[in-house]
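So the structure is just underneath, and the comments pick up after that.
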Amino acid sequence: MAAAPPFALIDGNNFYVSCERVFDRRLEGAPVLVLSNNDGCAIARSQEVKALGIKMGTPAFKIRDLIAKHSIRVFSSNYTLYGDMSRRVNAVIADFSPDVEVYSIDETFLGLAGFARRDLPAMCQDLRATVARCTGIPTCVGIGPTKTLAKLGNAAAKKRPEFGGVCDLSGEGPRAAVLRAFPVEDVWGIGPATAAKLAALGIATAAGLRDMSPKQARALGTVTLERTVLELGGLSCLALEEVAPQRKGMAVTRSFGRPVTSLDELREAVAAYATRAGEKLRAHGVVAGQLAAFFHTSPHRDGPHHHGQRSTRLVPMTADTRGLIGAALRCVEAAWRGGRGCRYVKAGVLLDDLCRPEDAPPTLFAAPSPKSGALMAAVDRVNAKHGRNTLFPAAMGIERGWKLRAAHHSPRYTTRLDELPRVRA
DNA sequence: TCTGGGGTCCTAGGACCC
DNA sequence: TCTGGGGTCCTAGGACCC
């Protein structure tokens, strides 16, 4: 039997932190932390920050003392910058292999079917060096006969400096050793709930999971756990997805910068999210058939709790901001309970049943406005040229006191002329 | 005393991912 | 005072149909 063509997974080390470091070399060697939206919790940590014991997802307010004590450099997340750096990294990767799947903002799978005769680890070292030279982003690579093993190899390359940034799990020997050494919760697809069930069976390592019978795996979890077991054993069940499948849904949800108690402010925020949702629909060239809006109080705080949610059909299917705002506001008003002392901390707009406009079913009574597309395109052009929300619906309000916090934002170095990095003479 | 069976579709919720 | 956002897939269970 011919060996299956291997996969590689390349990913950026502490990706968001590395993006910040590219443009400010003083951050090199310093503890650096990137916070989630609203400066809420830790989502990217430099090695120095990990060494201080700060875990992924830790709320920022719980580590304020540590931040001060160790002079941790803190950044609000700058998705414009990270997205553009991701695009640059993938442009370099695309020169190495025609078979790529961009899996997330910082991870890309490569199909290596055409490289069977090459020295794969050497080629991957070359890839790392080229990405580093062209973009400044440090990476690690895992190689394996399945995606799950390539992911595990990547984890090994990151955790163990002796691999030199590339870990090849093609061979039986290295694969068995890594599987024995890694806890089962480090395997792709094994979360806390499944890890707990496995622990109850005495399965604690990746090797233990590999040795589970596929039938038992399916009974314990679902077909996805069965696939994971087979993939750990070297049987490829997950193919490279080079063409991104059509999106099924889309969401714009945000925490508020401060609690919202009035219907007026809630309406503004939800109108703003619906506006952003419309931009996303049009950018993807799709229309939506269903819209839901929600808002809720904090689960972490005392006081009255409420989770309001309503959904509605969009007939005809649309990507027109005006229709989306109207539908979203109707949902919010229907779910509003009159305040009652509730301090709302988050709201969102969810779109479903997405399809290309030409595939949308015709409607008998409600015809789409013929000028809608041209109007939306004009608004999008203005905002692309002059900055987001140069033109915006009045329903969003002007002051927007509910807007999220971002106190530590770095410049959008690569996408805004007025925020270009400066070089001292 | 005795009250079918099998199929589809939809939704809510859980689990996981980055 | 302060706890992110945006996705996917899978299953169970209810509604509905014949």
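Chain naming here is simple, since letters A, B, ... match the order of the sequence lines and numbering starts at 1 in each. Just so you know, these numbers come straight off a predicted model, no measurement behind them.
Side-chain N or O atoms of A/N383 include one that pairs as donor or acceptor with a backbone N or O of A/L391 at under 3.5 Å. In this structure a side-chain-to-backbone donor-acceptor pair under 3.5 Å is present from A/R340 to A/R337.
By the 4.0 Å N-to-carboxylate-O rule, A/R73 lies too far from A/E20 to be salt-bridged with it. A salt bridge does not link A/K158 with A/E107: every distance from a Lys NZ or Arg NE/NH1/NH2 to an Asp or Glu carboxylate oxygen is 4.0 Å or more.
Residues from residues 187-216 of chain A that place a heavy atom under 4.0 Å from any atom of DNA chain B, listed by number: A/V187, A/W188, A/G189, A/I190, A/G191, A/P192, A/A193, A/T194.
Within 4.0 Å of A/V345, counting heavy atoms only, lies no atom of the nucleic acid at all. Among the protein residues, A/R301 comes within range of the sugar-phosphate backbone only, with heavy atoms under 4.0 Å from sugar or phosphate atoms but none that close to a base. Among the atoms of the strands shown, none is found under 4.0 Å from any heavy atom of A/D39. As judged by a 4.0 angstrom heavy-atom cut-off over every strand, A/R218 is placed among residues making no nucleic acid contact. A/R254 comes within 4.0 angstrom of the backbone, heavy atoms only, and of no base.
Between A/T224 and A/S36, the residue anchored closer to the 5' end of DNA chain C is A/S36, taking for each the nucleotide with the nearest heavy atom. Taking for each of A/M56 and A/T222 the nucleotide of DNA chain C with the nearest heavy atom, the 5'-most of the two is the partner of A/M56.
Ring pair A/F23/A/Y413 is parallel by interplanar angle, where below 30° counts as parallel and above 60° as perpendicular. Relative ring orientation between A/Y273 and A/W402 is described as perpendicular, the plane-to-plane angle rising above 60° on a 0-90° scale split at 30° and 60°. In this pair, A/H296 and A/H307 present their aromatic rings parallel. The plane angle is below 30°, not in the 30 to 60° band. Ring geometry, A/Y344 versus A/F295: the interplanar angle exceeds 60°, so the pair is classed perpendicular (tilted spans 30 to 60°).
In 5' to 3' order, the nucleotides of DNA chain B bounding all contacts with chain A (an atom under 4.0 Å from a heavy atom) are B/dA15 to B/dC18.
Within the shown strands, B/dG5 is the pairing partner of C/dC18 under the Watson-Crick or G-U definition, both distances less than 3.5 Å. Pairing of C/dT11, defined by two Watson-Crick or G-U wobble distances under 3.5 Å, is identified with B/dA12.
For the C1' atom pair drawn from C/dC18 and B/dC2, the interatomic distance equals 23 Å after rounding to whole Å. As rounded to the nearest Å, B/dG4 and C/dC16 have C1' atoms that lie 16 Å from one another.
Because its NZ or CZ atom is not both nearer than 6.0 Å to the ring centre of A/F163 and within 45° of the ring axis, A/R128 does not count as a cation-pi partner of that residue.
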